[in-house]
2 protein chains.
Amino acid sequence: MTALDHAALRAATGAADGEQDRRAEIYRSAARIFHRKGYHATSINDIAAAVGLTKAGLYYYIKGKQDLLFAIMGFAMDQLDEQVIEPARRVQDPRTRLETIVARHAQLITQDSSALTILVNELEGLLPDDRADIIGRQRDYVDFIADTLAALRDEGKVVGLDPTVGAFSLVGMILWISRWYRTDGRLDGEEVVAAVTRMAISAVLSRGDYTSAGNPEETG
Amino acid sequence: MTALDHAALRAATGAADGEQDRRAEIYRSAARIFHRKGYHATSINDIAAAVGLTKAGLYYYIKGKQDLLFAIMGFAMDQLDEQVIEPARRVQDPRTRLETIVARHAQLITQDSSALTILVNELEGLLPDDRADIIGRQRDYVDFIADTLAALRDEGKVVGLDPTVGAFSLVGMILWISRWYRTDGRLDGEEVVAAVTRMAISAVLSRGDYTSAGNPEETG
DNA sequence: AGTAGTCTACCGACCGCCCGGTAGGTTGGC
DNA sequence: GCCAACCTACCGGGCGGTCGGTAGACTACT
């Protein structure tokens with residue numbers, strides 16, 4: 001049934017032709033509300049009201065609150081796999097691969113950050129088994145980035161940077177976008193994606209003339 | 001009374017001589033539990049049990065759950081002001097100032113991330129007025145970083161980077177540390193602080209030979 | 001020295017509310 | 001007449017918070 005739920009959510013993100021895709025609307029609404037108020041602060045009633053149902057009516061479509069959360073996270077993880085990891089895996093050059101990862105991940109977030117943000121913020125709302133599942137997939141993602149940084153290091157383009165620390169830091173930078181980016185803000189999504197990607201690449205690539213942070217004497 | 005609460009929390013972080021500083025222990029415990037389980041998932045009973053009191057006994061010391069949260073966040077913001085912003089304000093050179101900001105903020109997080117993490121993750125648990133207060137102080141912090149980046153841009157050391165986007169991205173990188181850093185991990189706190197600081201500086205400083213990231217759509 | 005009063009630091013019992021979830025219908029299209 | 005798609009009414013339970021105590025240390029007065 002989780003697979004079914006994922007399918008519904010996937011349908012929801014596309015154009016909503018919607019017949020009995022009421023289920024899709026539910027997952028989409030739930031993701032939006034979980035994102036805005038947090039999982040624990042959101043009641044089943046909130047979600048039901050948002051889709052024009054009573055609580056009991058909602059339970060015709062869902063199994064429970066925790067399954068709803070797990071389904072949303074699973075969908076977000078699927079999105080990451082399909083839109084970020086798989087495309088990046090097909091890129092040989094490590095630097096271009098890193099650009100692909102950052103740009104595509106950032107792009108997903110600027111488009112719709114709900115599910116992807118829940119994915120990282122509501123882990124403790126899951127049952128232990130579900131949590132282990134999601135955490136494992138997240139670790140795979142970080143490892144994938146770290147491997148890419150290690151490849152860059154082997155090419156000599158990155159020196160003195162721990163790949164794991166680098167991977168985590170880039171992920172932090174990307175995920176934080178959902179906290180400050182506003183669709184109606186000064187910059188549009190493409191500009192934000194470009195700016196963050198540039199920073200990410202610059203953050204890991206070594207500069208020939210790099211001077212260590214330990215020397216504050218050059219203060220004017 | 002909030003000022004009093006802050007004082008209690010501040011005392012709590014130092015050596016706990018503790019006489020009737022029971023209050024300090026309460027705020028410290030609450031911060032730790034809020035950090036681990038989240039504000040909404042934490043019950044007043046959880047906190048009371050953690051300090052060896054009943055719920056009613058706990059209410060002798062606190063005014064309510066939301067005040068507890070606000071006090072913790074106010075304390076975290078005070079910490080940021082005193083340990084990061086004030087020291088950095090005394091640094092003239094923009095680059096060194098940026099290093100000071102990143103290093104000191106990162107250091108605070110590696111030392112004890114509870115309050116600082118709650119500060120960014122539990123905003124929606126606050127009453128509107130309290131939230132406005134905290135958000136305002138957070139915005140001041142981001143503006144302070146953005147101003148520093150703007151100063152670097154005026155020196156020609158940063159080109160083509162929007163200061164606001166830069167500031168947010170650095171903050172994201174720093175805050176994310178609390179999600180992956182473990183005291184008993186492979187790297188110790190100092191190493192993590194150094195690595196992140198280096199990445200942050202590298203992320204914003206321009207490289208002479210910078211080549212733009214291509215179009216990531218052409219993957220494949 | 002004795003005792004009455006006072007205050008700090010708590011506790012057991014309770015309140016009303018809302019939560020996630022369910023049982024048992026009802027209704028409208030096929 | 002049947003089944004998908006709902007609803008009304010309800011349940012047990014845990015929540016934040018309060019109330020009315022009270023043990024015991026300390027003080028004040030005689």
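Below, chains carry the letters A, B, ... as their sequence lines are ordered, and counting in each starts from 1.
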Can we call the ring centroids of A/His105 and A/Tyr141 under 6.0 Å apart?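 Between A/Tyr141 and A/His105, which both carry aromatic rings, the centre distance is below 6.0 Å.
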Nearest-nucleotide comparison on DNA chain C, the residue closer to the 5′ end among A/Thr42 and B/Gly52: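 In this pair, the answer is B/Gly52.
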Below 4.0 angstrom from OP1 or OP2 of [N], is there any side-chain N or O of [X]?
X: B/Arg22; N: C/dC10; answer: yes
X: B/Tyr60; N: C/dC10; answer: no
X: A/Tyr61; N: D/dC6; answer: yes
X: B/Tyr59; N: D/dG17; answer: yes

Rounding to an integer number of Å, can you tell me how far [X] [atom1] sits from [N] [atom2]?
X: B/Gln66; N: D/dC15; atom1: CD; atom2: P; value: 17 Å
X: B/Asp67; N: D/dG16; atom1: CG; atom2: P; value: 14 Å
X: A/Lys63; N: C/dT22; atom1: NZ; atom2: C1'; value: 15 Å
X: A/Lys65; N: C/dC18; atom1: NZ; atom2: C1'; value: 12 Å
X: A/Ile62; N: D/dA5; atom1: CD1; atom2: P; value: 16 Å
X: B/His40; N: C/dC19; atom1: NE2; atom2: P; value: 12 Å
X: B/Glu25; N: C/dC10; atom1: CD; atom2: C1'; value: 15 Å
X: A/Leu58; N: C/dG20; atom1: CG; atom2: P; value: 11 Å

Check every atom of C/dG12, D/dC15, C/dC19 against the side chain of A/Ser43 and return the nucleotide holding the closest atom.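 Nucleotide nearest to A/Ser43's side chain: C/dC19.
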Taking the side chain of B/Ile44 as its heavy atoms from C-beta onward, which of C/dT22, D/dG17, D/dC19 lies nearest to it?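 So the side chain of B/Ile44 is nearest to D/dG17.
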With under 30° as parallel and over 60° as perpendicular, where do the rings of A/Tyr39 and A/Phe34 fit, or are they tilted in between?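 Answer is perpendicular, since the angle exceeds 60°.
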Find out whether the Lys NZ or Arg CZ of B/Arg89 is both under 6.0 angstrom from the six-membered ring centre of B/Phe144 and within 45° of the ring's axis.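 Output yes; distance and angle both within limits.
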A/Glu25 pairs by salt bridge (Lys or Arg N to Asp or Glu O under 4.0 Å) with which of A/Arg23, A/Arg22, A/Arg28?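 Looking at A/Arg23, A/Arg22, A/Arg28, the match for A/Glu25 under the salt bridge (Lys or Arg N to Asp or Glu O under 4.0 Å) is A/Arg22.
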For A/Thr54, answer base if it contacts any base atom (sugar-phosphate contacts may also be present), sugar-phosphate if it contacts only those atoms, and nothing otherwise; contact means non-hydrogen atoms under 4.0 Å.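 The residue A/Thr54 makes base contact.
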Please classify the nucleic acid contact of A/Leu53 as base, sugar-phosphate, or nothing, using heavy-atom distances under 4.0 Å.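 Sugar-phosphate only.
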Does A/Lys55 get its side chain close enough to the base of C/dG21, under 3.5 Å, for a donor-acceptor pair?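 Under the 3.5 Å cut-off, the side chain and the base do form a donor-acceptor pair.
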Verdict with reasoning, B/Asp162 to A/Arg186, per salt bridge (charged side-chain N to carboxylate O under 4.0 Å, His left out): CA-CA 11 Å; B/Asp162 184 86; A/Arg186 184 165 50 84; 2.8 Å; yes
